[in-house]
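Given the structure is predicted, the values throughout are model-derived calculations rather than measurements.
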Amino acid sequence: MNISDCQNVRRFSGWIASALLFAALACLADGLAAGFKGEQRDLQGLPGSTQPVTAPLPQGAATIRDIIVQGGDGQVSLTPQSEFSGFWLGGTMWRGDVLIAEDAPPGKTIFTLTGPSTDPLAPAPKPLIIAVTVHANADAMRSASPSFVTRATGVHPFSASVAMLLLALPFGVAGYLANRTFERILAQNGQAVVYLAKKDENGMVIAFSMGTRHGLRTGVHVPVFDERGIQTGEALVDGCQSDDCTARMVTGACKPGYMVELPSGIKKDGNE
């Protein structure tokens, strides 16, 4: 693989990985938007199914034993099962099941969950509303899904998001390997790409993937070139490891993507 091949693989892999990551985030956002529209939880189900549900404790409830469930019947019922600590928002959450009987007809059932009110003069605790819609078949449930991804593909948006991330992984690895090969070929030619350029109170510090193994050491001046190969300045190496160096610009300018070269007094094999 030559430099041109490496650049093509890096560019192609980067585009594909970026597109897949963007799609994964879009699917995740779609799933979150579909699951948290307002303060009401909306569940979709088919006759004979069980729908898991998680939610924070309603106001006034300290444990799931305090939860007062109103609504439902013998065909659609909701039962809180256990408590757990919320990972993202903290606080106490609960999980439970909504059971839909085999002979449940299509329609919507509203559950109102409240906690006990200990002060009769205080405003009533704000209820937690969970709506369960029973559909006649899978096609009807898919068409009514609040998720765009589910309506369009029939796949749950969180599953689609995970799939996109897994698909992006090999492209990310390919881009990383192509980049390492690109840097190795450049180093063999006595060149390196500047991957960091930042200003501080004493000027600009740059970093690049070429070090003592390539003949550089602290105190060496290296020329800096832009993308067109025109020299834009010179930097003084002030920190060196086997395959990486940092240097401070002493003349001119630099930004990430620019190139440094071994000075003329150092051969590409690391000898002077």
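The salt bridge (Lys or Arg N to Asp or Glu O under 4.0 Å) pairs that include a residue from residues 161-183 are Arg180-Glu183, where partners are two or more places apart or lie in different chains. Within the structure, disulfide bond (SG atoms under 2.5 Å apart) contacts touching residues 129-245 (residues at least two apart or in different chains) are Cys240-Cys245.
Hydrophobic clustering (side-chain heavy atoms under 4.5 Å, transitive across Ile, Leu, Val, Met, Phe, Trp, Tyr) groups Leu128 together with Val98. Under the 4.5 Å side-chain heavy-atom criterion for grouping Ile, Leu, Val, Met, Phe, Trp and Tyr, Ile68 is not connected to Ile64 through any hydrophobic cluster. Criterion: ILVMFWY side-chain heavy atoms under 4.5 Å apart, direct or through other members. Under it, Val149 and Leu21 are not part of a common hydrophobic cluster.
When each of Asn189, Val222, Leu216 is checked for a side-chain contact (heavy atoms from CB on, under 4.5 Å) with Leu262, only Leu216 meets the rule.
The distance from atom CD of Glu227 to atom CE of Met259, rounded to the nearest 0.5 Å, is 10.0 Å. Put simply, CD on Gln70 and CD1 on Ile129 are 9.0 Å apart, with the number rounded to the nearest 0.5 Å. If you take CZ on Arg65 and CD on Glu83, they are separated by 7.0 Å, rounding to the nearest 0.5 Å. Here the OG1-CD distance, from Thr251 to Glu234, works out to 5.0 Å after rounding to the nearest 0.5 Å.
At distances below 3.5 Å, at least one donor-acceptor pair connects side-chain atoms of Arg151 with backbone N or O atoms of Ser145. Remark: side-chain polar atoms of Ser147 are not paired, donor with acceptor, to backbone N or O of Gly31 under 3.5 angstrom. One N or O on the side chain of Trp94 and one on the backbone of Pro56 form a donor-acceptor pair closer than 3.5 Å. In this structure a side-chain-to-backbone donor-acceptor pair under 3.5 Å is missing from Arg217 to Gly211.
In this structure, Trp15 stands alone, with no Ile, Leu, Val, Met, Phe, Trp or Tyr side-chain heavy atom under 4.5 Å from its own, directly or through other members. In the hydrophobic clustering (ILVMFWY side chains linked at under 4.5 Å, chained through shared members), Ile230 stands by itself. Under the 4.5 angstrom side-chain criterion for Ile, Leu, Val, Met, Phe, Trp and Tyr, the cluster partners of Val250 are Leu236. Val205 shares a hydrophobic cluster with no other residue; no ILVMFWY side chain has heavy atoms under 4.5 Å from its own.
In this structure Ser18 satisfies the side chain to side chain donor-acceptor pair (under 3.5 Å) test with no other residue, sequence neighbours excluded. A search for side-chain contact (heavy atoms from CB on, under 4.5 Å) contacts involving Thr133 returns Gln44, Lys108, His135, not counting sequence neighbours. Every residue meeting the salt bridge (Lys or Arg N to Asp or Glu O under 4.0 Å) condition with Asp243, not counting sequence neighbours, appears here in chain and number order: Arg213. Looking at residues two or more places apart in sequence or on another chain, you find a salt bridge (Lys or Arg N to Asp or Glu O under 4.0 Å) between Arg248 and Asp200.
Taking both residues in full, the closest heavy atoms of Val224 and Cys254 are given as CG1-SG, 3.7 Å, listed atom of the first, atom of the second, then distance. Across all non-hydrogen atoms, the minimal contact from Pro47 to Ile100 is CA-CG2, 3.8 Å. Between Ala17 and Gly172, the shortest heavy-atom distance links the atoms CB-N, 4.3 Å. The minimum heavy-atom distance between His214 and Ser242, with the atom names listed, is ND1-O, 4.1 Å. For the pair Ala131 and Ile110, the tightest heavy-atom approach, listed with the atom from each and the gap, is CB-CD1, 3.5 Å. For the pair Ala62 and Leu57, the tightest heavy-atom approach, listed with the atom from each and the gap, is O-CD1, 3.5 Å.
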Pairs of donor and acceptor atoms involving the side chains of residues 154-169, under 3.5 Å and at least two apart or interchain, shall be tabulated with distances.
unit_1	atom_1	unit_2	atom_2	d
His156	ND1	Phe158	N	3.1
Ser161	OG	Ala24	O	2.9

Pairs under 3.5 angstrom only: tabulate donor-acceptor contacts from the side chains of residues 191-198 to other protein residues two or more places apart or in another chain.
unit_1	atom_1	unit_2	atom_2	d
Gln191	NE2	Glu261	OE2	3.1
Tyr195	OH	Asp244	OD1	3.1

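For the pair Val132 and Leu78, the minimum side-chain heavy-atom distance is 4.5 Å or more. The closest side-chain heavy-atom distance from Phe208 to Leu186 is not below 4.5 Å. Within the 4.5 Å cutoff, the side chain of Thr79 has no heavy atoms near those of the Asp97 side chain. Looking only at side-chain heavy atoms (C-beta outward), Phe111 and Leu43 stay at 4.5 Å or farther from each other. Val260 is listed as a side-chain neighbour of Ile206, based on a closest heavy-atom distance under 4.5 Å. Within the 4.5 Å cutoff, no side-chain heavy atoms of Pro146 are placed close to those of Asp42. Using a 4.5 Å heavy-atom cutoff, the side chains of Leu99 and Val76 are not in contact. Between Phe12 and Phe171, the closest side-chain pair of non-hydrogen atoms falls below 4.5 Å.
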Discussion item. For a side-chain contact (heavy atoms from CB on, under 4.5 Å) check, start with the C-alpha distance between Ile130 and Leu113, then their side-chain angles and the critical distance, and finish with the verdict.
Written reply: CA-CA 8 Å; Ile130 296 178; Leu113 285 72; 4.2 Å; yes
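Other residues, nucleotides and ligands contribute at most 12 non-hydrogen atoms within 6.0 Å of the CD atom of Gln241.
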